[in-house]
Amino acid sequence: MRKKRYGGRIIAFVMAGGEGKRLYPLTAERCKPAVPFGSRYRLVDFVLSNLINSEIRSIYLLVQYKPQSLIEHIRRAWVISPLLPDQFVTAVPPQMHKDTLTFKGTADAVYQSLRLLEPHRPDLVAVFGADHVYRMDVRQMAWFHWKQKADVTIAALPVPMEQAPNFGILATDEDGRIHQFQEKPQQPKSMPSDSNRAYASMGNYLFNTRVLVEALMESHRLGETDFGHHVLPRLLKTHRLFAYDFSRNEVPGIKPYEEVGYWRDVGTIDAYFEAHKDVLGEEPRFNAFDPQWPIFSSNYQGPVTRILGGEIENSVFGAASVVHKGARIHNSIIRREAVVEAGAELEECIIMDYSKIKRGARLRRVIVDRHNIIEPDTQIGYDVEEDTRRYHVSPSGIVVVPRGELSFYARNSRGKGLGYAE
Ligand SMILES: Nc1ncnc2c1ncn2[C@@H]1O[C@H](COP(=O)(O)OP(=O)(O)O[C@H]2O[C@H](CO)[C@@H](O)[C@H](O)[C@H]2O)[C@@H](O)[C@H]1O
């Protein structure tokens with residue numbers, strides 16, 4: 001497994017300002033990195049866990065769009081230790097220097113935060129996205145970067161051709177040196193070895209610190225704002241850019257049945273829904289509960305889940321949920337403090353925190369966002385026309401019930417909506 005180690009100092013900027021338009025309505029009130037995932041995570045937990053497990057523990061999280069849920073989550077879940085000042089996850093809003101009130105793009109976000117590097121004097125800066133579900137040992141990428149004497153290394157993996165226009169697409173020499181980079185090309189080129197797939201950037205970069213600082217100062221001067229569109233194509237002409245093949249990354253503890261190099265950009269409701277299927281089953285494609293590579297999240301102190309009866313198959317539950325007698329739950333994910341009442345039926349559903357599915361309601365292929373009450377005997381997922389009138393329906397027919405309104409608090413028996421589920 002991992003034999004050689006990179007010995008320099010690495011600081012991380014995690015770009016967590018994404019609006020996630022295609023995940024609407026899950027991103028109506030929160031940024032994409034704060035979108036809940038699985039039974040207890042938010043999307044940002046994956047990149048943060050990967051960095052922490054890779055011993056990169058000085059992390060600046062660049063936030064912008066609707067950041068409140070994300071900031072609250074970081075405050076509760078990601079305090080490393082006040083005794084270790086070099087180990088932190090800090091949310092950084094736009095610095096409002098001169099003319100800038102916002103981050104104008106990913107490169108501008110890092111440019112505005114460059115001063116934060118000064119006290120650390122890192123050898124490398126990891127600039128990572130915050131929106132993906134995966135496990136990665138970043139030390140292996142750093143070792144590759146050092147060995148190749150790279151200025152910039154981009155983590156990359158093959159994707160099916162039909163998805164390629166959503167990504168930065170690379171072409172490399174045999175040793176991984178990049179000779180072409182196109183951000184989201186209309187007509188992507190396939191890999192020479194596989195005409196059905198293109199080699200895509202994962203949006204995770206390692207930069208030699210000086211190269212990054214000089215490149216971003218130049219970008220700022222030129223009015224460039226984005227890594228994929230501007231900075232990387234320009235650096236390609238003058239510097240050594242390499243692609244790190246993510247399929248070679250070996251995460252300790254991976255089970256034989258798991259997909260090697262599992263990585264999902266859950267950018268749309270359909271992709272988000274599909275990725276949830278990967279965490280279910282006796283042999284899940286992606287197992288987030290690996291003691292050798294833990295995915296950390298909030299440290300919840302409430303009660304455990306209570307199952308009072310019902311018929312349950314292939315489903316996972318967050319803490320403090322309640323399943324009443326006579327409920328049927330199949331192939332579903334029930335997050336924290338959710339309640340499924342007697343006679344309610346859930347088939348392939350994601351029920352988020354603090355939501356209640358009342359007696360006799362039937363839901364099929366539905367995502368219920370937080371703080372909702374689904375009234376008794378409601379049917380969702382059985383009549384597309386009706387669902388389209390009332391909710392959001394994705395191209396493949398997944399229904400999303402948006403986050404509950406403030407009236408939820410008034411309707412909830414405790415008047416607050418945050419008591420333990422009953
Ligand atoms: N203004 C801003 N401030 C702070 N953070 C911001 C931001 N705008 C976006 N982000 C964050 O930056 C990351 C990249 O998001 P983008 O929307 O810029 O690119 P996209 O994911 O489309 O492509 C990118 O990621 C894909 C892989 O998903 C690559 O293939 C592609 O080349 C690359 O550009 C995300 O984590 C997002 O949350």
Side-chain angles (χ1 to χ4, degrees), residues 12-24 26-27 30-35 37 42-48 50-51 59-67 69-71 74 90-96 100-114 116 126-134 136 152-160 163-171 178 180-185 188 197-205 216 219 224-236 241 243-244 246 263-268 271-272 275:
F13 284 123
V14 172
M15 300 174 290
E19 200 172 330
K21 279 199 191 115
R22 293 173 306 150
L23 262 186
Y24 185 86
L26 298 180
T27 45
R30 54 170 89 86
C31 54
K32 186 172 166 191
V35 168
F37 186 86
R42 302 224 184 209
L43 288 177
V44 74
D45 293 331
F46 294 94
V47 64
L48 293 181
N50 287 332
L51 290 166
I59 304 171
Y60 291 107
L61 195 69
L62 309 182
V63 303
Q64 169 159 312
Y65 171 82
K66 298 195 173 160
S69 307
L70 183 61
I71 290 172
I74 297 302
T90 300
V92 181
Q95 297 301 300
M96 300 188 180
T100 51
L101 294 175
T102 57
F103 294 142
K104 293 179 185 145
T106 48
D108 185 51
V110 178
Y111 170 78
Q112 287 196 42
S113 314
L114 280 179
L116 298 171
V127 178
F128 273 43
D131 300 345
H132 303 110
V133 178
Y134 67 122
M136 174 179 192
V152 185
T153 298
I154 303 176
L157 85 180
V159 296
Q163 291 175 19
N166 299 324
F167 296 108
I169 299 299
L170 320 167
I178 301 170
Q180 197 180 57
F181 180 95
Q182 284 184 295
E183 179 69 3
K184 302 185 183 134
R197 296 194 298 171
Y199 203 29
S201 157
M202 295 164 62
N204 290 347
Y205 319 119
L216 290 183
S219 288
E224 300 173 349
T225 53
D226 188 68
F227 279 106
H229 282 109
H230 310 125
V231 181
L232 297 173
R234 185 162 52 73
L235 280 178
L236 191 59
L241 271 61
Y244 170 69
F246 178 61
W263 180 83
R264 294 292 186 275
D265 176 5
V266 287
T268 59
Y272 177 83

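Remember, it's 1-based here, ligands and their atoms both numbered in the order they're listed. This chain uses plain numbering: 1 for the first residue, then up along the sequence.
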Enumerated ligand 1 atoms positioned under 4.0 Å from heavy atoms of [X]:
X	value
Gly129	36 (O)
Gly168	29 (C), 30 (O), 31 (C), 32 (O)
Phe103	1 (N), 3 (N), 4 (C)
Ala109	3 (N), 4 (C)

query = At a non-hydrogen distance cut-off of under 4.0 Å, which region of Glu19 contacts ligand 1 (side chain, backbone, both, or neither)?
reply = neither
message = Just to be sure I read this right, does ligand 1 sit under 4.0 Å from the backbone of His229, its side chain, both, or neither, counting only heavy atoms?
response = neither
task = Determine if the distance from atom 16 (P) of ligand 1 to the closest protein heavy atom is below 4.0 Å.
result = no
task = Considering only protein heavy atoms, determine whether one is less than 4.0 Å from atom 21 (O) of ligand 1.
result = no
request  = For atom 38 (O) of ligand 1, grab the closest protein heavy atom and report residue, atom and distance to one decimal in Å.
outcome  = Gly18 N, 2.8 Å
request  = Provide, to 0.1 Å, the distance between atom 33 (C) of ligand 1 and the closest protein heavy atom, together with that atom's residue and name.
outcome  = Glu183 OE2, 3.6 Å
Going by heavy atoms, is [X] under 4.0 Å from ligand 1?
X	result
Met202	yes
Lys104	no
Ala16	yes

Is there a nitrogen or oxygen of [X] sitting under 3.5 Å from a nitrogen or oxygen of ligand 1?
X	answer
Ser201	yes
Gly17	yes
Asn166	no

task = I would like to know whether Asn204 and Met136 meet side chain to side chain contact (heavy atoms under 4.5 Å, CB included); could you show each step before the answer?
result = CA-CA 11 Å; Asn204 290 347; Met136 174 179 192; 4.2 Å; yes
